[in-house]
Amino acid sequence: MQATVKGFEVTISQGPQGFNATVPALPSCKACGDTHKEALANIPEEITEYLNTVRELNQGIADMKAGRTRPADEVFVDLRKKYNIPETD
């Protein structure tokens, strides 16, 4: 199953211990749940945490549409505005 969350494609799959939601554009960004709806409901927080971490580490994020890596700050600002993600300290 596929979905779009906070501008990112999310893949949901069933594993032996429940459902997993992963974001292919953000390596290691994933959430779990007992149902596909629960996994999907958990992924927005994981995306926000992922973006906060790469921003703190000053890493880039692949922009699949633009075909290049964008600075994390640039991606985060775009997503924060679009999805009303609060700023963090």
Side-chain angles (χ1 to χ4, degrees):
M1 175 180 194
Q2 295 269 350
T4 301
V5 178
K6 293 190 173 188
F8 291 97
E9 292 297 318
V10 175
T11 301
I12 302 171
S13 59
Q14 187 171 7
Q17 302 198 359
F19 289 81
N20 301 305
T22 58
V23 182
L26 305 176
S28 301
C29 183
K30 61 183 176 179
C32 303
D34 292 331
T35 66
H36 74 279
K37 288 182 182 180
E38 186 178 342
L40 189 60
N42 291 335
I43 198 69
E45 182 178 347
E46 297 303 322
I47 291 171
T48 300
E49 289 299 318
Y50 185 99
L51 294 174
N52 283 335
T53 300
V54 295
R55 190 174 89 173
E56 287 173 15
L57 297 174
N58 198 29
Q59 295 179 344
I61 298 174
D63 185 333
M64 301 301 182
K65 291 180 181 175
R68 65 180 178 91
T69 299
R70 294 173 61 198
D73 280 342
E74 181 182 314
V75 174
F76 189 80
V77 167
D78 289 349
L79 292 171
R80 186 172 50 80
K81 287 178 183 176
K82 186 172 182 178
Y83 297 102
N84 297 316
I85 301 169
E87 287 192 50
T88 59
D89 297 329

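Here the side chains of Asn42 and Cys32 are not in contact, with every heavy-atom distance at 4.5 Å or above. Between Leu26 and Glu46 there is no side-chain heavy-atom pair separated by less than 4.5 Å. Put simply, the side chain of Phe19 does not reach to within 4.5 Å of the side chain of Asp34, judged on heavy atoms.
Counting only residues at least two apart or on different chains, the side-chain hydrogen bond (donor to acceptor under 3.5 Å, both in side chains) pairs with a member in residues 7-30 are Gln2-Thr11, Thr4-Glu9.
Here the closest non-hydrogen pair linking Ala31 and Ala39 is CB-O, 3.9 Å. The heavy-atom pair separating Ala41 from Pro44 by the smallest distance is O-CD, 3.3 Å.
Rounding to the nearest 0.5 angstrom, the gap separating the CD1 atom in Ile43 from the CG atom in Leu40 is 8.5 Å.
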